[in-house]
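Remarks on the structure that follows.
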Amino acid sequence: MTEDTKDKDLMITALQQRIGELVSSYESQMAYLRVEYTKVQGKADELSTIANDLVQRLSEYEKPEKQNQLPSVEDILKEDDSV
């Protein structure tokens, strides 16, 4: 094996090692981002459910017999605590 071939082989080995390190780092970052995305998506789903529930509750007060009976914030919070 010539000196030039040895140098090329060493360069290829070093590059392969560096590529492996980069791939490993990329995979770790992607796993972390998937976990974070899942957390954010869960929170968004939770907030969407709460918002839909509030819209449904408020739509009850659009009925003519309840027009002047809007609940107070305290009443809404009490209802949430009892659920």
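The chain is numbered in sequence order, starting from 1.
Considering only residues two or more places apart in sequence or on other chains, Glu27 meets the salt bridge (Lys or Arg N to Asp or Glu O under 4.0 Å) condition with none of them. With sequence neighbours left out, Asp4 forms a salt bridge (Lys or Arg N to Asp or Glu O under 4.0 Å) with Lys8.
Other residues sharing a hydrophobic cluster with Ile19 under the 4.5 Å side-chain heavy-atom criterion for ILVMFWY residues are Val23. Listed by chain and number, the hydrophobic cluster partners of Leu15 are Met11, where partners are ILVMFWY side chains within reach of under 4.5 Å, directly or through others.
No hydrogens or angles considered: nothing links the side chains of Ser28 and Ser25 as a donor-acceptor pair under 3.5 Å.
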Problem set entry | Full working for side-chain contact (heavy atoms from CB on, under 4.5 Å) between Asn52 and Gln56 | CA-CA 6 Å; Asn52 289 335; Gln56 184 178 358; over 6 Å; no

For this session: Using the salt bridge (Lys or Arg N to Asp or Glu O under 4.0 Å) rule, take Arg18 and Glu21 through it: C-alpha gap first, then chi angles, then the decisive distance, then the call.
Result: CA-CA 5 Å; Arg18 182 66 184 135; Glu21 292 169 356; 3.3 Å; yes

Pairs under 3.5 angstrom only: tabulate donor-acceptor contacts from the side chains of residues 35-49 to other protein residues two or more places apart or in another chain.
{"unit_1": "Tyr37", "atom_1": "OH", "unit_2": "Gln41", "atom_2": "OE1", "d": "3.3"}
{"unit_1": "Thr38", "atom_1": "OG1", "unit_2": "Arg34", "atom_2": "O", "d": "2.8"}
{"unit_1": "Gln41", "atom_1": "NE2", "unit_2": "Asp45", "atom_2": "OD1", "d": "3.2"}
{"unit_1": "Thr49", "atom_1": "OG1", "unit_2": "Asp45", "atom_2": "O", "d": "3.0"}

